[in-house]
Participant: 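Before anything else, here's the structure in question.
Keep in mind that what you see is a predicted model, and the values were worked out from it rather than measured.
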Amino acid sequence: MWSQHHWLVPYINGEPYSEKVPLLFWMIHAGWFAFGVNDVWPRVLEVAFGAIQLVLAATLARRLFPDRPWIAKATPWLLMALSYAFLFGLQIMYEVLLAAWVLGALLCLTPSPRRAEPRWLLFGLLLGAGLLTKGPVMLLHVAFPWLLGPLWSEWAREHRARWYGRGLLAVLLGLAILLAWALPAGFSGGEAYRHRLFFTQTAGRVVDGVAPPDTLQNHAQPFWWYLLCLPVLMFPLSAWPRATAALAMLRRPLEPGLRFLLCWLLPNFVAFSLVSGKQAYYPLPEFGGGVMLIAAAVALLRERHPRLGANGWLGTWPLGVGGLLLAALLFALPDLVASGRLHGEWLDAASLYSRSFSVVFLLLGLLLLLRGRGEMRRLAFAGLAGTLAMNTLFTLTLWPNYDLRPATDLLRAADGSGRAIGIVGGYDGQFHFAGRLTRPLARLQYDASLQAFAQAHPDGLVVTHLNHPGADAMRYALLVQPFRSSWLVVWPAATLASLQAGHAPPEPAQPPRFYPRAGGLRASP
């Protein structure tokens with residue numbers, strides 16, 4: 001978008017990109033206008049979005065539970081403790097920004113000490129911002145607390161006509177903001193882009209079969225998939241017995257704050273489960289509500305059942321024991337790998353640093369075995385520190401398997417000299433920003449398209465992904481490097497075309513540049 005000055009329509013690899021709306025891209029562009037093109041500004045943005053989430057979640061908890069300030073204090077701590085949310089917050093993704101809009105919009109619906117009626121204009125504006133961040137799914141995130149307003153809001157019960165009438169106007173305002181971009185973008189992007197933007201890219205995620213799987217990022221999963229993901233998404237809180245006991249002991253009558261959270265979280269969980277397309281990060285905007293519910297349930301448990309609220313068997317000891325076991329495994333890992341009793345890509349690489357990190361998890365495990373006041377903060381600190389430690393261990397060990405700089409440097413030089421570049425299979429734009437490429441990569445298959453590309457561009461390059469690069473790759477390719485769990489291989493186009501046609505290409509002037517996998521695993525000979 002930046003290099004070709006496509007400000008209205010998102011582009012990827014030279015083609016209109018209908019999968020996403022552009023607000024996050026515009027925010028990145030704003031920083032680039034001010035500071036130049038860099039990868040620091042997008043990362044700073046994501047950290048800022050995460051910090052805004054913590055503030056909004058604490059403010060919403062304070063509104064929902066004005067008589068229990070402990071809940072508002074606990075909410076940001078528990079939200080920071082979630083391992084998945086922390087790791088996902090390090091990525092440049094749409095849901096982190098979307099979560100801020102969702103929390104802000106829901107905050108507009110809740111009564112403040114000085115105003116009982118929702119702030120409908122601001123609600124509509126935040127809806128529009130969310131719609132420009134992730135599309136119509138923004139409505140799903142906030143619809144149920146509004147539609148079920150009379151179940152939790154006294155003002156909504158007393159003024160139903162105004163609640164629904166002004167709420168509908170706010171929704172229409174949000175949709176108008178989206179259409180103010182979508183209509184001119186649809187006409188600018190062409191008929192195919194317009195059809196995908198207004199129909200396929202949303203409907204295809206909701207219902208299987210609307211769009212061919214090879215043209216849409218559908219991510220279809222069975223309806224029970226989120227139920228299996230829930231313990232992972234809410235870890236380490238899902239392994240805290242006191243949280244489980246507190247949720248299980250919630251009983252009617254429920255106060256308005258709890259009714260609000262249940263009207264938000266339960267229908268959304270069912271709705272996301274029924275939608276065909278599923279990803280673990282889709283419910284990220286609900287994580288703040290989830291930790292609020294846990295904090296409120298624990299607060300009520302301590303008030304109504306003081307003995308259970310202080311019972312040591314409901315403390316963080318399972319996580320403490322888990323931390324000690326992990327520390328023991330990390331300490332013994334070098335010996336287990338050296339003896340051949342344990343073997344694997346991650347284990348081999350992690351064994352180089354595991355004993356240092358075993359000290360971290362030993363201390364965290366001992367911290368979680370402590371009893372008494374401050375249990376929630378100990379849990380939050382241990383969750384955050386443990387997740388940061390595992391992320392650091394990954395960076396020290398397996399990051400070379402995710403580092404595309406060797407291939408990117410080669411492609412940058414080729415693009416700068418005017419050589420065409422093709423790629424076999426799918427392409428998600430992973431080379432363009434890092435390599436500052438100015439032209440699209442040709443999408444190829446192992447068929448006539450590859451032969452035609454090589455004939456038209458005899459000096460071109462072709463990128464392929466292989467599970468196990470064999471003798472041909474180690475002999476004729478320009479570059480072989482690991483990428484995730486596979487291998488990325490860059491070939492001279494004419495050489496790859498000759499091999500695919502069954503011919504022996506000329507012997508290369510020099511062997512390929514080869515980068516081994518982390519952990520010492522090498523390509524197949």
Side-chain angles (χ1 to χ4, degrees), residues 18-21 79 82-85 87-89 91 93-99 101-103 105-106 127 130-131 133-149 151-152 171 196-240 243-244 246-248 250 254 258-294 297 426 428:
S18 63
E19 302 293 330
K20 296 295 182 291
V21 281
L79 190 53
L82 295 180
S83 300
Y84 181 84
L87 292 174
F88 188 82
Q91 317 305 314
M93 290 289 281
Y94 313 92
E95 277 72 16
V96 183
L97 175 58
L98 181 65
W101 301 132
V102 170
L103 290 171
L106 296 179
L127 280 180
L131 289 166
T133 299
K134 196 65 193 292
V137 73
M138 171 64 182
L139 297 177
L140 180 59
H141 285 291
V142 301
F144 292 108
W146 169 56
L147 293 174
L148 301 177
L151 295 181
W152 61 269
V171 171
R196 287 169 61 87
L197 179 67
F198 285 104
F199 177 68
T200 308
Q201 67 94 16
T202 296
R205 288 175 171 79
V206 177
V207 181
D208 283 333
V210 170
D214 60 337
T215 62
L216 183 68
Q217 300 171 5
N218 188 8
H219 312 299
Q221 299 288 351
F223 74 93
W224 40 261
W225 190 77
Y226 278 124
L227 194 61
L228 296 182
C229 290
L230 194 58
V232 177
L233 299 180
M234 297 303 294
F235 183 83
L237 303 186
S238 57
W240 184 22
T244 304
L247 291 173
L250 285 177
L254 299 175
L258 282 171
R259 294 200 302 270
F260 172 92
L261 293 175
L262 293 176
C263 288
W264 174 22
L265 299 176
L266 291 182
N268 267 29
F269 186 83
V270 174
F272 275 103
S273 297
L274 294 176
V275 169
S276 170
K278 297 178 179 67
Q279 288 278 58
Y281 53 81
Y282 284 174
L284 190 79
E286 278 66 50
F287 283 18
V291 299
M292 268 182 251
L293 180 62
I294 291 174
D428 298 318

Participant: Using every non-hydrogen atom in the two residues, find where Leu247 and Ala297 come nearest and quote the distance to one decimal.
Facilitator: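 That closest heavy-atom pairing would be CD2-CB, 3.8 Å.
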Participant: Start with the C-alpha distance between Leu261 and Trp152, add both sets of side-chain angles, then the distance that settles side-chain contact (heavy atoms from CB on, under 4.5 Å), and finish with yes or no.
Facilitator: CA-CA 9 Å; Leu261 293 175; Trp152 61 269; over 6 Å; no
Participant: To the nearest 0.5 Å, how far apart are OG in Ser273 and CH2 in Trp224?
Facilitator: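 Spacing of OG (Ser273) from CH2 (Trp224) equals 11.5 Å.
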Participant: Which residues pass the side-chain contact (heavy atoms from CB on, under 4.5 Å) test with Leu139, sequence neighbours left out?
Facilitator: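 Leu139: side-chain contact (heavy atoms from CB on, under 4.5 Å) contacts with Leu127, Leu131, Val171, Leu175.
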Participant: So, do Leu250 and Leu293 sit near enough that their side-chain heavy atoms are less than 4.5 Å apart?
Facilitator: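 Yes; the side chains approach each other to less than 4.5 Å.
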Participant: Can you tell me how far CG of Leu106 sits from CH2 of Trp101, rounded to the nearest 0.5 angstrom?
Facilitator: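 If we round to the nearest 0.5 Å, Trp101:CH2 and Leu106:CG are 14.0 Å apart.
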Participant: Any donor-acceptor pair under 3.5 Å linking the side chain of Lys134 with the backbone of Leu98?
Facilitator: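 Answer holds: no.
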Participant: Can you find a pair of side-chain heavy atoms, one from Val96 and one from Tyr281, that are under 4.5 Å apart?
Facilitator: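 Heavy-atom side-chain distance check fails, nothing below 4.5 Å.
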Participant: Mind listing the closest non-hydrogen atom pair of Tyr94 and Thr133 along with its distance?
Facilitator: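 The pair with the smallest heavy-atom distance is O-CG2, 3.7 Å.
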Participant: Distance check, rounded to the nearest 0.5 Å: Leu97 atom CG versus Leu284 atom CG?
Facilitator: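 Here the rounded value is 11.0 Å.
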Participant: Counting only pairs under 3.5 Å, give me each side-chain donor-acceptor contact of residues 232-240, with atom names and distances, residues two or more places apart or in other chains.
Facilitator:
residue	atom	partner	partner atom	Å
Ser238	OG	Pro231	O	2.7
Trp240	NE1	Glu375	OE1	3.2

Participant: Testing the basics here: between Arg196 and Ser18, what is the closest heavy-atom pair and its distance to 0.1 Å?
Facilitator: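 Closest approach of Arg196 to Ser18, heavy atoms only: NE-OG, 2.9 Å.
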Participant: Quick one: side-chain hydrogen bond (donor to acceptor under 3.5 Å, both in side chains) partners of Tyr84, sequence neighbours excluded?
Facilitator: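 Tyr84: no side-chain hydrogen bond (donor to acceptor under 3.5 Å, both in side chains) contacts found.
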Participant: Atom CZ in Phe287, atom CE in Met292: separation rounded to 0.5 Å?
Facilitator: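 Phe287 atom CZ to Met292 atom CE measures 13.0 Å (nearest 0.5 Å).
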Participant: Once rounded to the nearest 0.5 Å, what's the spacing between atom CG of Leu197 and atom NZ of Lys20?
Facilitator: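 One finds 12.0 Å between CG of Leu197 and NZ of Lys20.
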Participant: Hey, could you give me the CD/CZ distance between Glu95 and Phe88, rounded to the nearest 0.5 Å?
Facilitator: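 Separation between the atoms: 5.0 Å.
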Participant: For residues 141-148, dump all side-chain donor-acceptor pairs below 3.5 Å to protein atoms at least two apart in sequence or in another chain.
Facilitator:
residue	atom	partner	partner atom	Å
His141	ND1	Glu286	OE1	3.0
His141	ND1	Glu286	OE2	2.9
Trp146	NE1	Trp163	O	3.2

Participant: Any chance you could lay out the side-chain contact (heavy atoms from CB on, under 4.5 Å) test for Phe272 and Leu140, step after step, and finish with the verdict?
Facilitator: CA-CA 9 Å; Phe272 275 103; Leu140 180 59; 3.9 Å; yes
